[in-house]
Number of protein chains: 2
Amino acid sequence: MARKQSAADAPLRLDNQICFAVYSAAHAFNRVYKPLLDRLGLTYPQYLVMLVLWERDDVPVKDIGERLFLDSGTLTPLLKRLEAAHLVRRTRSSEDERLVLIALTPQGHALKEKARAVPQSILAASDCSVSELVTMKDEIVALRDRLNAVIGE
Amino acid sequence: MARKQSAADAPLRLDNQICFAVYSAAHAFNRVYKPLLDRLGLTYPQYLVMLVLWERDDVPVKDIGERLFLDSGTLTPLLKRLEAAHLVRRTRSSEDERLVLIALTPQGHALKEKARAVPQSILAASDCSVSELVTMKDEIVALRDRLNAVIGE
DNA sequence: GACAATTAGATTGCACGCAATTGAAATTGA
DNA sequence: TCAATTTCAATTGCGTGCAATCTAATTGTC
């Protein structure tokens with residue numbers, strides 16, 4: 001008896017936690033992205049916001065939040081920093097005064113071209129085939145969506 | 001031409017980013033853990049530190065950091081909060097005065113029993129078989145380790 | 001044994017995340 | 001119609017993460 005860990009402790013062992021695998025992988029991604037995004041003058045969450053806006057801009061803060069699963073407490077100051085960097089403009093909608101519409105500036109649009117180098121570097125860093133990554137991505141997204149479904153009871 | 005997105009934009013599309021899948025899954029986990037950990041009086045990163053200590057305590061801050069991929073800038077204040085909650089004690093090693101050893105208090109040890117309910121709830125929330133989760137975990141850990149390998153050049 | 005290099009942890013500053021609250025604007029419903 | 005409710009964004013407060021810097025302690029080299 002008295003092995004280094006009892007079998008009853010297995011569910012509490014760090015290396016058995018999928019949440020920690022995901023948590024630590026997210027940080028690893030962040031560290032790989034950092035030097036790439038420094039060249040664009042963006043943080044990782046700011047890069048995600050720019051990805052959303054490069055797909056479609058002139059959208060309310062709320063839409064960005066739903067896309068990224070972030071709320072105004074995170075987005076409002078982040079968007080103000082992007083505005084200070086002259087990448088976006090924030091304007092109240094005239095149709096619905098509650099909405100703040102986020103639009104790209106010319107510089108914001110232009111940054112997309114510089115950003116095209118980023119995914120390539122990440123693919124190389126992951127040292128993995130595209131199809132393997134797509135499969136993993138889909139599995140992780142499915143897990144995330146099941147977790148998010150639980151939160152809404 | 002002019003489909004809703006050009007094929008050249010695929011690498012920059014949010015839904016094609018594995019990093020965002022991981023990032024958003026980590027936040028989803030955090031939100032599912034929150035109510036469970038509130039009952040233990042822990043945040044999620046504090047829970048991770050406790051998992052490490054429940055495996056082995058009386059270890060230097062550095063060891064905890066290597067295990068969780070966190071540095072002293074994160075751990076020092078976090079450990080001080082755990083100390084303030086009477087879950088750990090921080091003492092300088094007499095053998096090497098540079099080391100601060102983290103030991104569990106009786107309350108810290110006792111909390112492990114209350115924590116056993118957590119992994120069960122998470123498993124239920126993930127709505128997934130254990131073997132599927134183990135496979136995913138191993139794949140994500142392998143990806144994380146490849147990413148971390150790139151960081152050290 | 002002196003001294004440069006290294007190591008461990010603490011500190012500072014900045015940027016998230018998120019809960020909770022606030023206030024303005026729009027929607028609803030009796 | 002107009003009071004109650006809902007929606008959206010902003011704000012506040014707290015706890016991470018992490019880069020950069022600092023101090024004290026230890027190690028390596030001569």
Side-chain angles (χ1 to χ4, degrees), chain A residues 20 23-35 37-38 41-50 59-85 88 90-102 148 151, chain B residues 19-20 23-35 37-38 40-50 59-85 88 90-102 148 151:
Chain A
F20 175 63
Y23 168 92
S24 55
H27 291 319
F29 266 119
N30 196 26
R31 286 190 283 268
V32 173
Y33 269 100
K34 179 106 187 16
L37 295 181
D38 279 349
L42 296 173
T43 65
Y44 180 69
Q46 289 169 7
Y47 174 69
L48 293 180
V49 169
M50 293 302 287
V59 294
V61 174
K62 176 142 200 295
D63 286 16
I64 300 173
E66 284 176 358
R67 201 77 198 285
L68 299 178
F69 307 99
L70 297 174
D71 70 2
S72 68
T74 301
L75 288 175
T76 295
L78 187 157
L79 289 167
K80 285 183 176 177
R81 278 176 217 114
L82 289 180
E83 187 180 38
V88 307
R90 294 158 4 96
T91 53
R92 287 274 164 192
S93 165
S94 52
E95 296 172 19
D96 186 337
E97 294 276 351
R98 294 171 302 180
L99 306 182
V100 170
L101 299 179
I102 308 298
N148 277 333
I151 294 166
Chain B
C19 61
F20 175 62
Y23 168 92
S24 55
H27 291 318
F29 266 119
N30 197 30
R31 286 190 283 267
V32 172
Y33 268 100
K34 180 109 190 11
L37 295 181
D38 280 348
L40 306 184
L42 295 174
T43 66
Y44 179 69
Q46 290 169 5
Y47 173 69
L48 292 181
V49 168
M50 294 302 286
V59 293
V61 174
K62 175 138 201 297
D63 286 16
I64 300 173
E66 285 176 357
R67 201 77 197 285
L68 300 178
F69 305 99
L70 296 173
D71 70 2
S72 69
T74 301
L75 288 175
T76 296
L78 187 158
L79 290 167
K80 285 184 177 177
R81 280 177 212 113
L82 289 180
E83 187 180 39
V88 306
R90 295 158 5 98
T91 53
R92 286 276 165 190
S93 164
S94 53
E95 295 173 18
D96 185 338
E97 294 275 350
R98 292 171 305 178
L99 305 183
V100 169
L101 299 179
I102 309 298
N148 277 333
I151 295 164

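Given the structure is predicted, the values throughout are model-derived calculations rather than measurements. Note on naming: letters A, B, ... go to the chains in the order of the sequence lines (proteins, then strands), and numbering restarts at 1 for each one.
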For nucleotides 19-26 of chain D, read 5' to 3', which letter fits each nucleotide if B means a protein heavy atom sits under 4.0 Å from the base, S means only the sugar-phosphate is that close, and - means neither?
B-----BS
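Every pair passing salt bridge (charged side-chain N to carboxylate O under 4.0 Å, His left out) that includes a residue from residues 92-102 of chain B is listed here, sequence neighbours excluded: B/D96-B/R98.
Taking 4.0 Å as the cutoff to heavy atoms of chain A, we find the contact window on DNA chain C bounded by C/dA15 to C/dA26.
One atom, CG of B/L70, and another, P of D/dG15, lie 16 Å apart when rounded to the nearest Å. Taking atom NZ of B/K80 as the reference point, atom P of D/dC14 lies 17 Å away to the nearest angstrom. Atom-to-atom, CG of B/L79 to P of D/dG17 comes out at 13 Å; the value is rounded to the nearest Å.
Scanning for ring pair (Phe, Tyr, Trp, His ring centres under 6.0 Å) contacts around B/F29 gives an empty result, with sequence neighbours left out. Among residues two or more places apart in sequence or in another chain, the side chain to side chain donor-acceptor pair (under 3.5 Å) test is passed with A/R81 by none. The side chain to side chain donor-acceptor pair (under 3.5 Å) search around B/K34 returns B/D38, not counting sequence neighbours. Remark: A/E66 pairs with A/K62 by the side chain to side chain contact (heavy atoms under 4.5 Å, CB included) rule, at least two apart or across chains. In this structure A/S72 satisfies the side chain to side chain contact (heavy atoms under 4.5 Å, CB included) test together with A/T76, sequence neighbours excluded. Partners of A/F20 by ring pair (Phe, Tyr, Trp, His ring centres under 6.0 Å), not counting sequence neighbours: none found. Every residue two or more places apart in sequence or in another chain that forms a ring pair (Phe, Tyr, Trp, His ring centres under 6.0 Å) with B/Y47 is listed here: B/Y33. A/R31 meets the salt bridge (charged side-chain N to carboxylate O under 4.0 Å, His left out) test with no other residue; sequence neighbours excluded.
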Show me the dot-bracket string of DNA chain D, counting Watson-Crick or G-U pairs under 3.5 Å, with | for pairs to another strand and [ ] for crossing ones.
||||||||||||||||||||||||||||||
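Checked by atom type and distance alone, the side chain of B/D71 pairs as donor or acceptor with a backbone atom of B/T74 at under 3.5 Å.
Using a 4.0 Å heavy-atom cutoff across all strands shown, A/L75 reaches no nucleic acid atom at all. Residue A/P60 is in sugar-phosphate contact alone, with no base atom involved, counting any heavy-atom pair closer than 4.0 Å across all strands shown.
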